[in-house]
Amino acid sequence: MTLVDEAVAAGARFQPACELLGLSARTVQRWKAEDVPPDRRAGPKTVPANKLSPAERKRVVEIATAQKYRDLSPNQIVPLLADRGIYVASESSFYRVLREAGLNQHREPSRPASSKAPKALVATGPNQVWSWDITYLPSPVRGRFFYLYLVLDIWSRKVVGTAVHEEETSEHAAALIARACAAEGIAEDQLVLHSDNGSPMKGATMLATLRQLGVATSFSRPRVSNDNPFAESIFKTAKYRPWYPTRPFTSLDDARGWVGNFVVWYNDCHLHSAIRFVTPADRHSGEDVAILRKRRQVYEQARRRNPQRWSGNTKNWSRPRVVTLNPDKRSSSLKEQAA
């Protein structure tokens, strides 16, 4: 309290001075009002009767770090000891001792799976990086679904392959990727395929097919949908279309027919905002170059005819040259240089 008074007298504010000493302003005000001794935080004068002795604490550490128990939590260790007729301390005491010893983490040689973001994938043209995923489509049977498998080229946003099945399997996924690679003429070591960690994506048949095709793999972190944003985005586009059915699909053929119509619209009619409002099919084939050049000429001519309508540059119709999946600092720098 003397230190606080000295600080305030020297020009400091009362509240920050209290906080610097680890006290709240209200506590100091109460002490002053009650006229009590300076320190009321002396704590207990006696040692708790249930406190573990140094030998018991050492025993807790020895047990928790032993080879038999080092990969178990105290909630598992204590019952196992009890099964052997041994009681050393409670679960909470185990946790407290291990925390104070800096051992309340993984004590075994292994480490948790990495939570680092997947490596950035940079595409500068079509058929370099594909992204794929599976989503649910409602069926007439409650609790059962049809499954839409969809493969997307991240550079052009073109849907290069789809399939609709009544189950999720690695075999269906492998067949879809094989068909898409054949249709696009994918050569060995040309393509990287990104997906999440579902069993169809990492099944033996799927991985064997990718190795045979010479397609490199990339996977999202477990339970992190943001690592596969292109697939999530097109699924939202599909399900938010005005003609997306408000009732379940009546049959598997019905679902396949709807998906086929959606893909035709998306690839050939949809002006995608991320690729300067051209269709994915035009960008995939390279026809967007002429389309964007013509738009730029139209805007330049309009500006020359009536320059007062523009206070700065005309709309940017330059072709996006780089698309990055899960960008990091290096890939962002490359994108800026390309722009």
Side-chain angles (χ1 to χ4, degrees), residues 119-133 150-162 177 179-194 213-216 218 228-238 241 260-307 309-328 330-339:
K119 181 181 178 181
L121 300 175
V122 179
T124 57
N127 296 330
Q128 295 179 2
V129 182
W130 289 356
S131 172
W132 84 279
D133 203 352
L150 187 144
V151 188
L152 184 78
D153 184 299
I154 74 164
W155 189 81
S156 66
R157 305 307 204 275
K158 179 184 176 183
V159 177
V160 294
T162 61
I177 298 301
R179 290 196 303 270
C181 288
E184 293 294 324
I186 301 299
E188 187 175 355
D189 298 328
Q190 173 185 341
L191 177 68
V192 177
L193 182 66
H194 182 81
L213 295 171
V215 175
S218 171
N228 199 9
F230 292 93
E232 297 295 335
S233 177
I234 191 172
F235 287 153
K236 181 177 180 180
T237 299
R241 288 297 85 205
N261 292 333
F262 167 77
V263 171
V264 170
W265 169 82
Y266 186 86
N267 282 346
D268 300 327
C269 303
H270 176 48
L271 301 182
H272 202 298
S273 61
I275 51 178
R276 297 287 190 265
F277 295 96
V278 298
T279 66
D282 285 338
R283 179 167 167 86
H284 201 77
S285 64
E287 295 178 13
D288 64 317
V289 175
I291 295 172
L292 294 174
R293 184 189 303 118
K294 183 177 180 180
R295 288 181 186 173
R296 186 163 55 250
Q297 292 172 353
V298 170
Y299 270 64
E300 290 173 352
Q301 292 170 2
R303 183 178 183 180
R304 284 194 295 269
R305 289 195 305 267
N306 200 348
R309 287 189 177 180
W310 278 268
S311 58
N313 296 326
T314 60
K315 187 177 179 64
N316 179 16
W317 291 117
S318 61
R319 190 190 201 203
R321 294 163 55 188
V322 177
V323 177
T324 307
L325 176 63
N326 299 315
D328 53 20
R330 181 176 180 276
S331 61
S332 298
S333 176
L334 292 174
K335 186 174 182 179
E336 292 174 1
Q337 293 174 12

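What you see is a predicted model; the values in this text were computed from it and never measured. Residues: numbered from 1 along the sequence shown.
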Below 4.5 Å, heavy atoms only, C-beta onward: do [X] and [Y] meet side chain to side chain?
X	Y	result
H194	I154	no
L191	V129	no
V323	F230	yes
V298	W317	no
R241	W265	yes
V159	N267	yes
N127	H284	yes
L325	P229	yes

Distance, nearest 0.5 Å, that separates [atom1] of [X] from [atom2] of [Y]:
X	Y	atom1	atom2	result
H272	D282	NE2	CG	13.5 Å
F262	H270	CZ	NE2	7.5 Å
N306	Q301	CG	CD	14.0 Å
L152	Y266	CG	OH	5.5 Å
R303	N313	CZ	CG	6.0 Å

Test log, rule side chain to side chain contact (heavy atoms under 4.5 Å, CB included), inputs N228 and S131 | CA-CA 7 Å; N228 199 9; S131 172; 2.4 Å; yes
Which pairs pass salt bridge (charged side-chain N to carboxylate O under 4.0 Å, His left out) with one or both residues in residues 181-191, sequence neighbours excluded?
->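 Residue pairs passing salt bridge (charged side-chain N to carboxylate O under 4.0 Å, His left out), neighbours aside: K158-E184.
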What's the shortest heavy-atom distance between [X] and [Y], and which atoms?
X	Y	result
R157	A274	NH2-CB, 3.4 Å
F277	L271	O-CD2, 3.6 Å
R321	W155	O-NE1, 3.4 Å
V160	A180	O-CB, 3.6 Å
C181	V215	SG-CG2, 4.1 Å

Set of salt bridge (charged side-chain N to carboxylate O under 4.0 Å, His left out) partners for D288, sequence neighbours left out |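 So D288 forms a salt bridge (charged side-chain N to carboxylate O under 4.0 Å, His left out) with R283, R319.
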Walk me through it: do T162 and V151 pass the test side chain to side chain contact (heavy atoms under 4.5 Å, CB included)?
-> CA-CA 6 Å; T162 61; V151 188; over 6 Å; no
Quick check: does any side chain N or O of R295 sit under 3.5 Å from a backbone N or O of R276, one acting as donor and the other as acceptor?
->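 Yes; at least one donor-acceptor contact below 3.5 Å.
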Heavy-atom donor-acceptor pair, S285 side chain to A281 backbone, under 3.5 Å |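 Yes; judged by distance alone, with no hydrogens or angles, the pair exists.
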V192: what forms a side-chain contact (heavy atoms from CB on, under 4.5 Å) with it, not counting sequence neighbours?
->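 side-chain contact (heavy atoms from CB on, under 4.5 Å) check on V192 returns L121, A216, S218.
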Please step through side chain to side chain contact (heavy atoms under 4.5 Å, CB included) for the pair I177 and L213, ending with a clear verdict.
-> CA-CA 9 Å; I177 298 301; L213 295 171; 4.3 Å; yes
